[in-house]
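Here is how names work: the chains are called A, B, and so on, in the same order as the sequence lines, proteins then strands, and each is numbered from 1.
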There are 2 protein chains.
Amino acid sequence: MKQAKNSDTRNWQTENQSAVRKLINLKSLAEHLGLSQTTVSRALNGFPEVNDKTRQLVQAAAQQFNYQPNVRAKRLATGRSMAIGHLVSVSKGHEIVNPIFADFIAGASARYIESGYDLLLSLVPDENELSAYTDLAARDAVDGVIIHTPKEDDKRLERLNELNLPFVVHGRSTKSNEVYNWVDVNNERAFFRATEFLIDLGHRSIALVNGMADLDFAIQRTKGYERALSKHYIDPVNDYILYGEMTEPYGYCSTIALLDGLIPPTAIIASSIPVAIGVRRGIEERGLKMGRDISILSHDDDLCYFRDENDVPVFTSTRSSVREAGYKSANLLIKTIEDPTGQREGILLEADLIIGTSTKPAKS
Amino acid sequence: MKQAKNSDTRNWQTENQSAVRKLINLKSLAEHLGLSQTTVSRALNGFPEVNDKTRQLVQAAAQQFNYQPNVRAKRLATGRSMAIGHLVSVSKGHEIVNPIFADFIAGASARYIESGYDLLLSLVPDENELSAYTDLAARDAVDGVIIHTPKEDDKRLERLNELNLPFVVHGRSTKSNEVYNWVDVNNERAFFRATEFLIDLGHRSIALVNGMADLDFAIQRTKGYERALSKHYIDPVNDYILYGEMTEPYGYCSTIALLDGLIPPTAIIASSIPVAIGVRRGIEERGLKMGRDISILSHDDDLCYFRDENDVPVFTSTRSSVREAGYKSANLLIKTIEDPTGQREGILLEADLIIGTSTKPAKS
DNA sequence: AAAAAAATTCAAAGCGCTTTGAATATAGAT
DNA sequence: ATCTATATTCAAAGCGCTTTGAATTTTTTT
């Protein structure tokens, strides 16, 4: 590996046909202008102690030569990475990359761009999860991280606090004792409202096709669901609560199982739109009609991929934009990075209850 | 902004409770060992001119102090970013972050980890797309990029070649004159086979619910479809080919339109599983049964989120793993980065035609 | 045992930027 | 016109690593 010397680089540039490729660094820009690097650097970075005329000249020259400071040098000099890590754990076997994630990223990314942060994505095999954070911190590769899909008492939070690496959790870890930033939907409330809504329609046998049992949000949703039942003196039925990875086939299989059970429910709450789509398939396969014979209510992360833009949406749902959560998480993280001594903060988003055609009063 | 001096950093570390956080750099490690930085660096990077005993000592010390070279310094010194950019364009209005993308990333990421590259994700508003690449190159932030969802003659390729930035296209740009790396599914062939399969089942009215009309893959799919029709002397019907963003609602609406048309098709080919799910919904809404009354065949990117693990899958499909494409793209890109003078390469993946329950012979 | 060759190690320069502390130019006060 | 005070500019050091070219040690050869 040769080190790219100043002159070499320039030669290579000249030899090369590419006219667009950057060929100037701070040093040559300063030389060209007959100024010191200090002044040029300050002019471009908006420092006040630069003469206005000088600044104009510098800016013009920078534009002319398409000068962009080399990020690597900048990062070394400032001691900041200007990058934020998203570590997604991928379990062996069923390696789901959640589509929710794509939308979340889109929201976060918008915020990062505003402040010039890069978004570093690492898919980490489950078993190395904790050490991945340690490595990231040791290599000093990011200024902060976002934690996805936390467990009820997630060990990652403690580790990150030890490492003193700023972070925000998308979701919460309600059993954790750590102090941390989070952005979460009020899942308990959302599912309480959803369940109560169905109860008000006369439903008494309501099933919940939930996410993985060890994830915090799934636990919250069950809580909300059970609170609504309990408020209306409905005995919870064990077989009515299902946990699993939120895929379309999972929704389908769960529904078949429910419908073939002893007392088929008259309403099903699904934990995501893909699951709800599977539920509908199951219902229809058993010759029933959604809405008429059995109601479906789903949580809707408002993913653009499934966005329902009808006047009256198909699924009645508790809707909360993941993209917005992404933006807010990024915002909170940047705040913490720029002032690490500040208070940690929690942001609770409320889901809207949106009425579609998939829910109807229970037949009496 | 203060520059973090060596001593300051160390003090901060000592003051701090965090025991895990890295507190050693090359210099102090070398001092501790009574060796020069050169030797320590070489020992750790596997250079041959280091005495075996010395290397052992160095490695042991590195382990003991959990020494990890600072990536920022390393990157500046080597002149390499050790990062690969994925620029995803996001169009205003309908800002779809394709779920295919998530799986692709998962595949690519696996390859990056093997070679120590970071994955940099930028969502770029459509209108800045070209300049985004120029900026990235000027800032010298990545060693290479992956291009997603290319148009038939995509201007980005030319730009990247001008910039001399190694890249791989996921998909192809069949009308482009540029020389470039790509990894693509043989869409033409896949859809030719799909269409012919339906024709062999006796179908004569076959609709195609395709992706966006300006995307290369959609064009290839139409070509394959039309070639099959033509081979069997079936006149193409204009209204049978639809283009749009591949969402579930799009599949649904298209199907309703098709079924309510003058001559409803007896088979529908969908461009993705979410579209196929929408198609099925449309069919069922019109009181028809998939398979029995009307056949559906879909392209299946084998996304984990919709993975169908039944013995007999629901949808007959042309299946090709996006994750695999991701891995192979990453591999090709790394090859090009490490030897930029090498030949550009194209990798064509063939889709499997997998028979499910959604296709049946046409009623005669 | 001396000379030549090979194996190790090292000091110092460099990557391209930011930032410090000092120097110079300009304006304001006397 | 002289002396501060203020506004600009600069040279040089530093970020933490890699790499060069030279120096030193060890081994081999004569």
Side-chain angles (χ1 to χ4, degrees), chain A residues 1-10 12-13 22-31 33-58 62 65 67-82 116 138-141, chain B residues 1-10 12 22-31 33-58 62 65 67-82 138-141:
Chain A
M1 276 195 274
K2 283 251 174 172
Q3 193 163 345
K5 296 266 172 86
N6 225 336
S7 51
D8 296 346
T9 313
R10 219 82 62 40
W12 173 84
Q13 293 298 352
K22 163 198 173 186
L23 31 68
I24 201 169
N25 55 15
L26 184 61
K27 192 175 167 191
S28 17
L29 185 64
E31 275 166 9
L33 283 159
L35 287 168
S36 72
Q37 293 192 36
T38 310
T39 304
V40 177
S41 169
R42 288 189 160 152
L44 293 172
N45 289 318
F47 280 60
E49 64 266 56
V50 172
N51 188 310
D52 264 354
K53 245 174 227 157
T54 313
R55 192 190 302 277
Q56 313 242 302
L57 287 174
V58 172
F65 294 112
Y67 169 75
Q68 298 274 115
N70 178 303
V71 286
R72 283 187 248 101
K74 190 165 192 159
R75 286 168 183 183
L76 178 56
T78 56
R80 303 189 47 192
S81 296
M82 291 309 288
R139 293 193 311 146
D140 218 349
Chain B
M1 274 195 276
K2 284 251 173 172
Q3 193 165 343
K5 296 265 172 82
N6 225 335
S7 50
D8 296 347
T9 312
R10 218 81 63 42
W12 173 84
K22 163 198 172 184
L23 33 67
I24 201 168
N25 55 15
L26 184 61
K27 192 175 166 191
S28 18
L29 185 62
E31 274 166 9
L33 283 159
L35 288 169
S36 71
Q37 293 193 37
T38 311
T39 303
V40 176
S41 168
R42 287 188 161 151
L44 293 172
N45 289 317
F47 282 60
E49 63 268 54
V50 172
N51 188 311
D52 264 353
K53 246 175 227 156
T54 313
R55 192 191 302 277
Q56 313 242 304
L57 287 174
V58 172
F65 295 111
Y67 169 75
Q68 298 274 115
N70 178 303
V71 287
R72 284 187 247 102
K74 190 165 192 159
R75 285 168 184 182
L76 178 57
T78 56
R80 302 188 50 192
S81 296
M82 291 310 287
R139 293 192 311 145
D140 219 348

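Nearer the 5' end of DNA chain C, as judged by each residue's closest nucleotide, is the contact made by T54(B), out of T54(B) and L76(B). Comparing L35(A) and A73(A), the nucleotide of DNA chain D nearest to each residue sits closer to the 5' end for L35(A).
The side chain of T38(A) places no N or O atom within less than 4.0 Å of a non-bridging phosphate oxygen (OP1 or OP2) of dT9(D). For the OP1/OP2 pair of dC17(D) and a distance below 4.0 Å, the side-chain nitrogens and oxygens of Y67(B) include at least one atom meeting the criterion. Using a 4.0 Å cut-off, no side-chain N or O of T39(B) falls inside it from OP1 or OP2 of dT9(C). Under 4.0 angstrom from either OP1 or OP2 of dT18(C) there lies at least one side-chain N or O belonging to K74(A). Between N45(A) and dT18(C), a side-chain N or O to OP1/OP2 separation shorter than 4.0 Å is present.
At whole-Å resolution of the value, CE in M82(B) and C1' in dC17(D) are 15 Å apart. In this structure, K27(B) atom NZ and dC10(C) atom P are separated by 16 Å, rounded to whole Å. Between the CZ atom of R72(A) and the C1' atom of dT18(C) there is a distance of 17 Å, rounded to whole Å. The CZ-P distance, from F47(A) to dT18(C), rounds to 8 Å in whole Å. Atom CG of D140(A) and atom C1' of dC17(D) are 13 Å apart (whole Å). Between the C1' atom of dA27(C) and the CG atom of N51(A) lies a distance of 13 Å, rounded to the nearest Å.
Residues T39(A) and V58(A) fail the side-chain proximity criterion, which asks for heavy atoms closer than 4.5 Å.
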